[in-house]
Amino acid sequence: MPSPPGGYEVPLWRALTVFRLASLAYVCALAVRDADRYAHPYAVGALILLMIIWTGATAIGYARPAWRRWPLLLADLGVVMAIVLATPWAVGRTALSHGVPTLGVAWMAGPVLAWAVSGGRRRGTVAALLVAGADLATRERIGQSSFTGVILMLLAGVVVGHVARLAASAEERLQRAVELEAATRERERLARDIHDSVLQVLALVQRRGADLPGEAGELARLAGEQEAALRALIADAGPAAGSPPDSGEAVDLRTLLGRYASATVALSAPATAVPLPRRVAGELAAATGAALDNVGRHAGGRAWLLIEDEGATVTVSIRDEGPGIPDGRLDEAAAQGRLGVTQSIRGRVADVGGTVRIVSAPEAGTEIELSVPRSPL
């Protein structure tokens, strides 16, 4: 699959144009030197004129990213192979047998390099084999020198294609680094603004209202929770810029679940990172959030969040000290169409190959264990 046109590939396309012009000048010099030895000098002149025109056309075409597609690539390969195959008739078998070079010489490597730059090693190898096959078909005798040219053309296609892929990959990584740096700077700016305004106000409300009775005290407690959650949010580095939500890139589960830590939610996690594929970590975090929402609505009070990295699996436990879940209540809620636990928790975890275990007893609180495999099914 060809890579999108990028700044790192521009020098390669320019170098290809320079190579074709230099090789064309070499062909013209040889034609002047061997003009009296050709079987059909006027035909050779016509072919060289075609080579000059086509070199100019490819220089213009490959300079435009939108034209670096299959129509121009195939036409380039076809024109060069046609000129190579016309060499025995125009130059003459006798002249070729006496050491007169073919018309293509180094110029016929142009489409090989173009295919390599546009599509990498594989495409360059295919073009090299086709051009080399056409060149070998024009020779009556195939010797060591003939195979040397084939090997050199194959090496050119492979090496240039590899360099082109490296250039495209480097440009993609640089673009992601630039986007990440810009996002980080914007996050830092927002964090400063939030710290100077919202966080200070929330902290003030929490301090002034902590000892007040009734609803004022409750508002102070909620302000304290939101302050802690907001501090965790602006401190979070977040996903890498340019990474799709379902990419296989690993993220630290501690970072995602750290957003839920607050005055009423205590988080315990390993000291080292807990990497999981982005989609798995996202679904596990969403299921954890749904479980904490249930704690807030039905249990109240404090909740404890525990992350356990067991190697092959990762387990998140959510425990509260609420009234517990009566026997059959979950089945009854599902029958009534209340699918919070079924969809938001069990459904999310099941989608990534995990399991959910709920342990609850009346007046003894509830513990929910969410386990997912390190590699999703």
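Remember, it's a predicted structure, so these values are computed and weren't measured experimentally. Throughout, numbering of the chain's residues begins at 1 and tracks the sequence.
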*Asks:* Quick test of your reading: applying side-chain hydrogen bond (donor to acceptor under 3.5 Å, both in side chains), list the pairs with at least one residue in residues 265-276, sequence neighbours left out, ordered by first then second residue.
*Replies:* none
*Asks:* Not counting sequence neighbours, which residues clear salt bridge (Lys or Arg N to Asp or Glu O under 4.0 Å) with Arg173? List them please.
*Replies:* none
*Asks:* Pairing donors with acceptors under 3.5 angstrom, does anything connect the side chains of Gln175 and Glu171?
*Replies:* no
*Asks:* When you compare the side chains of Thr366 and Ser360, does any donor N or O come within less than 3.5 Å of an acceptor on the partner?
*Replies:* yes
*Asks:* So, taking the atom named OG1 in Thr125 and the one named CG in Leu155, what distance separates them when rounded to the nearest 0.5 Å?
*Replies:* 9.5 Å
*Asks:* Can you sort out the partners of Asp293 under salt bridge (Lys or Arg N to Asp or Glu O under 4.0 Å), two or more places apart, ordered by chain and number?
*Replies:* none
*Asks:* Would you name the heavy atoms of Ala291 and Ile318 that are closest together and state the gap between them?
*Replies:* CB-CD1, 4.1 Å
*Asks:* Any chain of hydrophobic side-chain contacts (each under 4.5 Å) joining Leu74 to Val117?
*Replies:* yes
*Asks:* Can you see which heavy atom on Ala134 is nearest to which on Leu85, and at what distance?
*Replies:* O-CD2, 3.7 Å
*Asks:* So Val160 and Leu12, side chain to side chain contact (heavy atoms under 4.5 Å, CB included) or not? Walk me through it.
*Replies:* CA-CA 9 Å; Val160 173; Leu12 295 177; 5.6 Å; no
*Asks:* Which atom pair, heavy atoms only, marks the closest approach of Arg165 to Ser118?
*Replies:* NH2-O, 3.7 Å
*Asks:* Shared ILVMFWY cluster between Leu152 and Val159, side chains joined below 4.5 angstrom?
*Replies:* no
*Asks:* Does anything in residues 312-324 form a salt bridge (Lys or Arg N to Asp or Glu O under 4.0 Å)? List the pairs, not counting sequence neighbours.
*Replies:* none
*Asks:* Let me check something: do Leu292 and Leu267 share a hydrophobic cluster, defined by ILVMFWY side-chain heavy atoms less than 4.5 Å apart, either directly or through other members?
*Replies:* yes
*Asks:* Between Val352 and Arg279, is the side chain to side chain contact (heavy atoms under 4.5 Å, CB included) condition met? List the steps.
*Replies:* CA-CA 8 Å; Val352 293; Arg279 177 173 178 268; 3.6 Å; yes
*Asks:* Is there a donor-acceptor pair under 3.5 Å between the side chain of Ser169 and the backbone N or O of Leu166?
*Replies:* no
*Asks:* Going by ring-ring contact (aromatic ring centres under 6.0 Å, His included), name the residues that satisfy it together with Trp115, two or more places apart in sequence or in a different chain.
*Replies:* Trp70
*Asks:* Going by side-chain hydrogen bond (donor to acceptor under 3.5 Å, both in side chains), name the pairs with one or both residues in residues 129-138, residues two or more places apart or in two chains.
*Replies:* Asp135-Arg139
*Asks:* List the atom of Ala269, the atom of Ile307, and the distance in Å for their closest heavy-atom pair.
*Replies:* CB-CD1, 3.9 Å
*Asks:* Going hydrophobic residue to hydrophobic residue with side-chain gaps under 4.5 angstrom, can you get from Leu21 over to Met108?
*Replies:* no
*Asks:* How many angstroms lie between OG1 in Thr148 and CE in Met153, if you round to the nearest 0.5 Å?
*Replies:* 12.0 Å
*Asks:* Between atom OG1 of Thr315 and atom CG of Leu306, what is the distance when rounded to the nearest 0.5 Å?
*Replies:* 9.0 Å
*Asks:* Do Phe19 and Trp107 have side-chain heavy atoms sitting under 4.5 Å apart?
*Replies:* no
*Asks:* Would Leu370 end up clustered with Ile358 when hydrophobic side chains under 4.5 Å apart are linked, directly or stepwise?
*Replies:* yes
*Asks:* Please confirm whether the backbone N or O of Leu16 pairs with a side-chain atom of Tyr62, one donor and one acceptor, at under 3.5 Å?
*Replies:* no
*Asks:* Could you state the interatomic distance from CG (Leu77) to CG (Leu130), rounded to the nearest 0.5 Å?
*Replies:* 5.5 Å
*Asks:* Regarding Ser371 and Thr313, do their side chains bring together a donor and an acceptor under 3.5 Å, going by distance alone?
*Replies:* no
*Asks:* In the hydrophobic clustering (ILVMFWY, side-chain contacts below 4.5 Å, transitive), which residues join Leu49, or is it alone?
*Replies:* Ile53
*Asks:* Please table the atom pairs, donor to acceptor, closer than 3.5 Å between any side-chain atom in residues 30-48 and protein atoms at least two apart or in another chain.
*Replies:*
| unit_1 | atom_1 | unit_2 | atom_2 | d |
| --- | --- | --- | --- | --- |
| Arg37 | NH2 | His98 | O | 3.4 |
| His40 | ND1 | Trp89 | O | 3.0 |

*Asks:* With sequence neighbours excluded, tell me which residues meet salt bridge (Lys or Arg N to Asp or Glu O under 4.0 Å) with Glu367.
*Replies:* none
*Asks:* Looking at every heavy atom in both Val27 and Gly104, which two are closest together, and how far apart are they?
*Replies:* CG2-O, 3.9 Å
*Asks:* Just do the side chain to side chain contact (heavy atoms under 4.5 Å, CB included) check on Ile52 and Leu24 with the steps written out, would you?
*Replies:* CA-CA 7 Å; Ile52 295 173; Leu24 178 62; 3.8 Å; yes
*Asks:* Restricting to side-chain contact (heavy atoms from CB on, under 4.5 Å), what partner residues turn up for Ala132, sequence neighbours left out?
*Replies:* Val150
*Asks:* Working to the nearest 0.5 angstrom, can you tell me the gap between Asn294 CG and Ile368 CD1?
*Replies:* 6.5 Å
*Asks:* For Ile83, is there any backbone N or O sitting under 3.5 Å from a side-chain donor or acceptor partner on Thr87?
*Replies:* yes
*Asks:* Walk me through it: do Arg123 and Leu73 pass the test side chain to side chain contact (heavy atoms under 4.5 Å, CB included)?
*Replies:* CA-CA 11 Å; Arg123 191 177 290 184; Leu73 292 170; 3.7 Å; yes
*Asks:* Please list all pairs passing the side-chain hydrogen bond (donor to acceptor under 3.5 Å, both in side chains) test where one or both residues lie in residues 14-30, with sequence neighbours left out.
*Replies:* Arg20-Asp76
*Asks:* With sequence neighbours left out, which residue pairs that include part of residues 109-121 fulfil the salt bridge (Lys or Arg N to Asp or Glu O under 4.0 Å) condition?
*Replies:* none
*Asks:* Salt bridge or not for Glu172 and Arg176, using N-O below 4.0 Å?
*Replies:* no
*Asks:* Rounded to the nearest 0.5 Å, what separates atom CG in Asp309 from atom CZ in Arg374?
*Replies:* 4.0 Å
